[in-house]
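Okay, structure first, notes after.
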Amino acid sequence: MIAAYRKRSVRISILSMMIALFPLFICAEEDERTWRVAQAPLRFSLQVDRSPTHPSAGYFVEILDGGLLPEPAFRTYAFSENGTPLDSYVLWHNPEGKLALVIEYAENTSQIELYLQQAQQYRLWSTTTDLTPSGILVTDPTTASFDAAADLAQFGRVNHRVHYLQKAGVRRAPLSIGGDETGRPRPASFYHLVHVVSQDPGRTWIAPFILEGDSYIRVNRQRLSPYERIEKWGGTGDWVDIQEGPNLLEIFHTVPGERPFYEDTRGLVYLTWRTPNATMEELGGVRSDELPMAGTSRMETRVIRENEIMQSGHTSVAHITARNHIPIGLIQYEEPRVFWVEEEVPLLIYHFEARLPPGQQADFTWVLPDGTRQAGKRLKWIFPALQEYTIQLQTTSARGTLSQDYVFFGFSTRETRLDRSSDLQAFRAALLNMVTNIPAESEAIFAWPASIWRNLIRTLEPQQDPMLLEVLFTYHENAMAEHLSEPEMHALQDVFIERKAAINPEHALRWIRRFGRSAEDETRRDMLTIQMAEVYLFYLHDLDRAEEILRDSERARLDTPQRLLRIRLGDIALLRGDLNLATRYYAEVQNHTRMRRAEGNPLLQEAIRPLLGPATEQELSHDWRVRAVVETAASESVQSLLAQDYVWEAREMLYEWERHIPLSKISGDFLLRKAQLYARMQNPIPAIRMLRAFCTTVEGSNYLPEAAMMLLEMMRTHDWPHDEIREIGEKLQDQLAFHPVASEIQDFLESL
């Protein structure tokens with residue numbers, strides 16, 4: 001959190017700058033037709049988003065202060081699009097937060113100009129004005145007391161945590177208070193400012209329903225004294241004379257405690273009424289003879305309807321202009337995504353943006369709560385939720401630097417899903433922005449909550465841009481190692497190497513060597529050696545170097561790395577066109593692989609067990625039916641996972657499939673499914689090379705026609721030389737001359 005003394009110094013520096021540059025803005029004085037209030041240092045251009053339901057409700061306007069607005073107070077001057085003056089009054093002002101005011105409604109206008117001029121006192125709204133602002137909930141989250149709630153009804157300056165929201169209620173209770181809408185927990189004091197218009201004015205029975213906390217209500221400044229008049233729903237209330245036209249209705253509510261409001265969806269208080277000429281249908285119908293008070297209405301009141309509640313119009317700030325031409329950045333942001341799993345600390349992804357008026361230029365610097373600084377117009381950052389934060393925007397031009405603080409509480413109701421690729425990408429993009437701007441080995445990154453690291457793992461996708469992991473491994477590897485387990489670190493290394501190899505194989509080799517030097521486990525070093533051979537094999541197409549690396553690491557044992565090593569030797573043989581040698585390597589691994597129930601991918605075991613029925617572990621280890629069923633189950637599972645965008649899970653499935661039944665590469669459709677995976681990963685080179693070897697080496701396979709078309713399509717999609725595509729296509733056409741796919745190949749070649 002930015003220190004309080006720094007906030008004070010920000011305000012002092014802004015005022016000093018404005019005083020020092022006073023001669024400048026006199027010299028650069030604009031035409032009076034464009035700057036309507038000569039002594040006003042600030043102008044806000046407001047875009048009308050929504051008109052009021054009744055003209056007298058005007059527009060409710062919120063403006064960020066954060067050290068920008070004049071002190072000790074100010075007067076506001078508003079003008080419509082055609083320059084007509086509009087009445088405007090301050091409602092509340094939180095200098096560390098926002099200014100709230102109401103502006104007179106202007107017909108046929110889409111923009112409003114608002115000027116602020118320094119003054120000793122605000123021009124406050126009161127019931128004596130012609131404006132009736134409505135549907136505004138004001139919350140003080142620092143205490144639960146009627147004194148605090150009553151202070152909010154005095155308007156003007158409020159404490160640094162008070163905030164406002166234009167909201168009358170919810171669908172089921174259009175006039176109600178549900179809690180602190182920003183997500184802050186109890187305690188809280190509320191003031192609800194509403195104007196209602198009855199279509200049936202006169203003596204009206206108003207019945208409040210208090211679900212939690214304590215309330216009192218005022219109607220036209222007269223406090224209700226509820227009592228039980230009748231033993232019915234809505235029978236406890238008070239009589240009020242409702243006038244024709246606007247009626248001021250105010251709710252004062254307090255809630256003690258510490259629990260979050262979002263844990264209870266019942267709400268706190270809502271209002272109902274019975275108008276003078278209410279019908280039986282409005283009050284729930286007629287009571288039956290079996291009930292007390294038979295023949296009367298079922299309820300004594302009904303909820304106050306939405307069309308009976310005035311709603312002020314709404315505006316948003318389009319840009320801010322200073323009279324002295326100092327550029328002022330307007331802070332904007334979209335509702336943050338929330339990542340929340342089980343008992344972890346919720347995380348919020350905020351996207352902030354700074355906007356300048358047309359024609360102005362400046363540089364922006366964002367200062368984060370931990371002191372990290374980021375330059376640029378946009379800021380993407382991850383904040384642990386349910387905490388108070390202050391960020392600062394510094395706008396720098398030739399005239400100096402102006403700073404604004406923005407205070408917020410981390411909370412969001414926006415839906416975020418870990419199975420939606422756009423949400424995963426948003427998390428990674430924000431994390432990349434953070435690790436790029438946080439200094440290497442900074443204490444800030446060591447202090448991250450575990451949920452950030454957990455979501456780094458959850459959002460892994462084999463097709464992701466490697467930049468995030470490259471920055472992490474380059475500058476923050478110690479912090480990663482402190483928060484992640486060894487298998488998680490290895491998983492991140494594997495994803496990074498695979499993506500890096502597709503982009504720059506030589507760089508991938510350097511990273512493999514670096515990871516190998518720090519690896520303490522022999523098995524991990526063996527796996528990295530195999531990955532080095534794979535880079536030469538699939539990306540650099542240096543089969544001799546790949547074989548040399550594998551031979552140097554070959555051992556007698558057949559543990560996981562050694563099984564994979566022999567499979568890669570089989571791949572080299574297949575790429576060289578030696579089907580017999582490839583078959584021998586694949587068979588050697590397969591014959592030594594016991595398919596224990598507890599081994600391998602759980603998805604495979606879950607798929608094959610129902611199909612095979614009861615069987616002993618020994619039978620499962622040797623029965624040929626197991627291999628056939630596993631191949632079918634694995635193939636279908638990979639296709640299903642890819643269709644649902646579970647790329648990482650499909651990759652893991654293929655890894656288990658290859659490790660247990662490598663002969664599927666020449667007798668099954670393993671290479672077809674792997675080609676689909678690599679196409680999704682935007683990494684086609686390994687798939688194209690293995691498919692090409694399969695199509696030109698393995699004859700008589702039922703999967704050859706599908707493999708041939710997949711190979712040609714992948715080569716064309718990824719800009720393979722047309723001469724090379726045509727050459728392989730003509731060979732496949734001859735090879736499959738008596739199969740219907742031959743005509744498809746012919747059509748394909750003609751389309752090149």
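Side chains of Asp180 and Pro185 form no contact here, defined as non-hydrogen atoms less than 4.5 Å apart. Side-chain contact between Glu300 and Arg229: present, with at least one pair of heavy atoms (C-beta onward) separated by less than 4.5 Å. Annotation: side chain of Leu116 is not in contact with side chain of Tyr77 (no heavy-atom distance under 4.5 Å). For the pair Pro327 and Leu402, the minimum side-chain heavy-atom distance is 4.5 Å or more. The closest side-chain heavy-atom distance from Leu271 to Val303 is not below 4.5 Å. Contact of the Phe411 side chain with the Leu386 side chain is registered, since non-hydrogen atoms from C-beta on lie closer than 4.5 Å. Tyr89 places a side-chain heavy atom less than 4.5 Å from the side chain of Leu131. Thr390 places none of its side-chain heavy atoms less than 4.5 Å from the side chain of Pro369.
The number of heavy atoms from other shown groups lying within 6.0 Å of CD (Glu335) is above 12. Applying the 6.0 Å contact sphere to CZ of Arg172 captures no more than 12 heavy atoms from other residues, nucleotides or ligands. Other residues, nucleotides and ligands contribute over 12 non-hydrogen atoms within 6.0 Å of the CD atom of Glu334. Counted within 6.0 Å of CD on Gln120, heavy atoms from surrounding residues, nucleotides or ligands total 12 or fewer; the atom is thus considered open.
Under a 3.5 Å cut-off, the side chain of Asn247 and the backbone N or O of Gly245 do form a donor-acceptor pair. Side chain of Thr459 to main chain of Asn455: a donor-acceptor pair is present (N/O by atom type, distance under 3.5 Å, no hydrogens or angles). The closest donor-acceptor contact from the side chain of Glu104 to the backbone of Asp87 lies under 3.5 Å. Here the side chain of Ser412 pairs a donor or acceptor atom with the backbone of Pro336 at under 3.5 angstrom. Looking at Thr53, its side chain does come within 3.5 Å of a backbone N or O of Gln311 through a donor-acceptor pair. Judged by distance alone, the side chain of His253 and the main-chain N or O of Asp214 form a donor-acceptor pair under 3.5 Å. A donor-acceptor distance shorter than 3.5 angstrom exists from the side chain of Asp238 to the backbone of Ser225, with no hydrogens or angles considered. Between the Asp423 side chain and the Arg417 main chain, a donor and an acceptor come within less than 3.5 Å of each other. In this structure a side-chain-to-backbone donor-acceptor pair under 3.5 Å is present from Ser451 to Val345. Side-chain atoms of Gln154 do not come within 3.5 Å of backbone N or O of Asp151 as any donor-acceptor pair.
If you take CG on Asn433 and CZ on Arg428, they are separated by 15.0 Å, rounding to the nearest 0.5 Å. Note that CG of Asn437 is 4.0 Å distant from CD of Gln374, once rounded to the nearest 0.5 Å. Distance check: Leu348 CG to Gln387 CD gives 10.0 Å after rounding to the nearest 0.5 Å.
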request  = Take Ser145 and Asp147 through the side-chain hydrogen bond (donor to acceptor under 3.5 Å, both in side chains) test and state the conclusion after the steps.
outcome  = CA-CA 5 Å; Ser145 75; Asp147 287 343; 5.4 Å; no
query = Step by step, would you call Arg157 with Tyr122 a side-chain hydrogen bond (donor to acceptor under 3.5 Å, both in side chains)?
reply = CA-CA 9 Å; Arg157 182 74 63 108; Tyr122 303 104; 3.0 Å; yes
key: ring-ring contact (aromatic ring centres under 6.0 Å, His included) assessment of His93 paired with Phe74   = CA-CA 10 Å; His93 181 209; Phe74 42 80; 5.1 Å; yes
ask   = Which is it for Leu379 and His351 under the side-chain contact (heavy atoms from CB on, under 4.5 Å) test, yes or no, and what are the steps along the way?
value = CA-CA 6 Å; Leu379 171 71; His351 288 193; over 6 Å; no
request  = Assess whether side-chain contact (heavy atoms from CB on, under 4.5 Å) is satisfied between Val435 and Ile445, documenting all intermediate values.
outcome  = CA-CA 8 Å; Val435 298; Ile445 198 169; 4.1 Å; yes
ring-ring contact (aromatic ring centres under 6.0 Å, His included) evaluation trace for Trp453 with Trp448 = CA-CA 8 Å; Trp453 301 103; Trp448 280 357; 5.4 Å; yes
task = May I have the step-by-step check of side-chain contact (heavy atoms from CB on, under 4.5 Å) for Tyr164 and Leu91, ending in yes or no?
result = CA-CA 10 Å; Tyr164 347 104; Leu91 293 168; over 6 Å; no
key: Stepwise side-chain contact (heavy atoms from CB on, under 4.5 Å) check, Ile309 with Val197   = CA-CA 6 Å; Ile309 302 170; Val197 177; over 6 Å; no
request  = Could you walk me through whether Thr315 and Glu62 pass the side-chain hydrogen bond (donor to acceptor under 3.5 Å, both in side chains) test, one step at a time?
outcome  = CA-CA 8 Å; Thr315 68; Glu62 286 185 279; over 6 Å; no
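A donor atom on one side chain and an acceptor atom on the other are found under 3.5 Å apart for Ser316 and Asp49. Residues Asn159 and Asn94 bring no donor and acceptor atom of their side chains to less than 3.5 Å of each other. Using modelled atom types, one finds no donor on one side chain facing an acceptor on the other under 3.5 Å when comparing Ser134 with Thr132. Between the side chains of Gln111 and Glu113, not a single donor N or O lies within less than 3.5 Å of an accepting N or O. Donor-acceptor pairing under 3.5 Å is recorded for the side chains of Gln394 and Arg373. Side-chain contact of Thr182 with Arg184: a donor-acceptor pair under 3.5 Å is present, judged by distance alone. A donor-acceptor pair shorter than 3.5 Å cannot be found between the side chains of Ser80 and Thr109. Using modelled atom types, one finds a donor on one side chain and an acceptor on the other under 3.5 Å when comparing Tyr191 with Glu250.
Of all heavy-atom pairs between Asp140 and Ala148, the closest is OD2-CB, 4.1 Å. Listed here is the closest heavy atom pair of Pro357 and Ile328: CD-O, 4.4 Å. Listed here is the closest heavy atom pair of Trp92 and Leu152: NE1-O, 2.7 Å. Across every non-hydrogen atom of Ala173 and Tyr270, the tightest pair is CB-CB, 3.8 Å. Of all heavy-atom pairs between Ala150 and Tyr216, the closest is CB-OH, 4.2 Å. The two residues Pro246 and Met310 come nearest to each other via the heavy atoms CG-CE, 3.3 Å.
Ring geometry, Phe352 versus Phe408: the interplanar angle falls from 30° to 60°, so the pair is classed tilted.
The existence of a salt bridge linking Arg171 and Glu306 is excluded, since no basic side-chain nitrogen approaches an acidic carboxylate oxygen closer than 4.0 Å. A salt bridge links Glu212 with Arg186: the distance from a Lys NZ or Arg NE/NH1/NH2 to an Asp or Glu carboxylate oxygen falls below 4.0 Å. Salt-bridge annotation for Glu388 and Arg161: present, with a side-chain N of the basic residue lying under 4.0 Å from a carboxylate O of the acidic one. Remark: Glu353 does not engage Lys380 in a salt bridge, criterion side-chain N to carboxylate O under 4.0 Å. Salt bridge status for Glu344 with Arg454: absent, with no side-chain N to carboxylate O gap under 4.0 Å.
With Phe383 as the fixed residue, the ring-ring contact (aromatic ring centres under 6.0 Å, His included) test singles out one of Tyr389, Phe339, Phe409, Tyr333: Tyr389.
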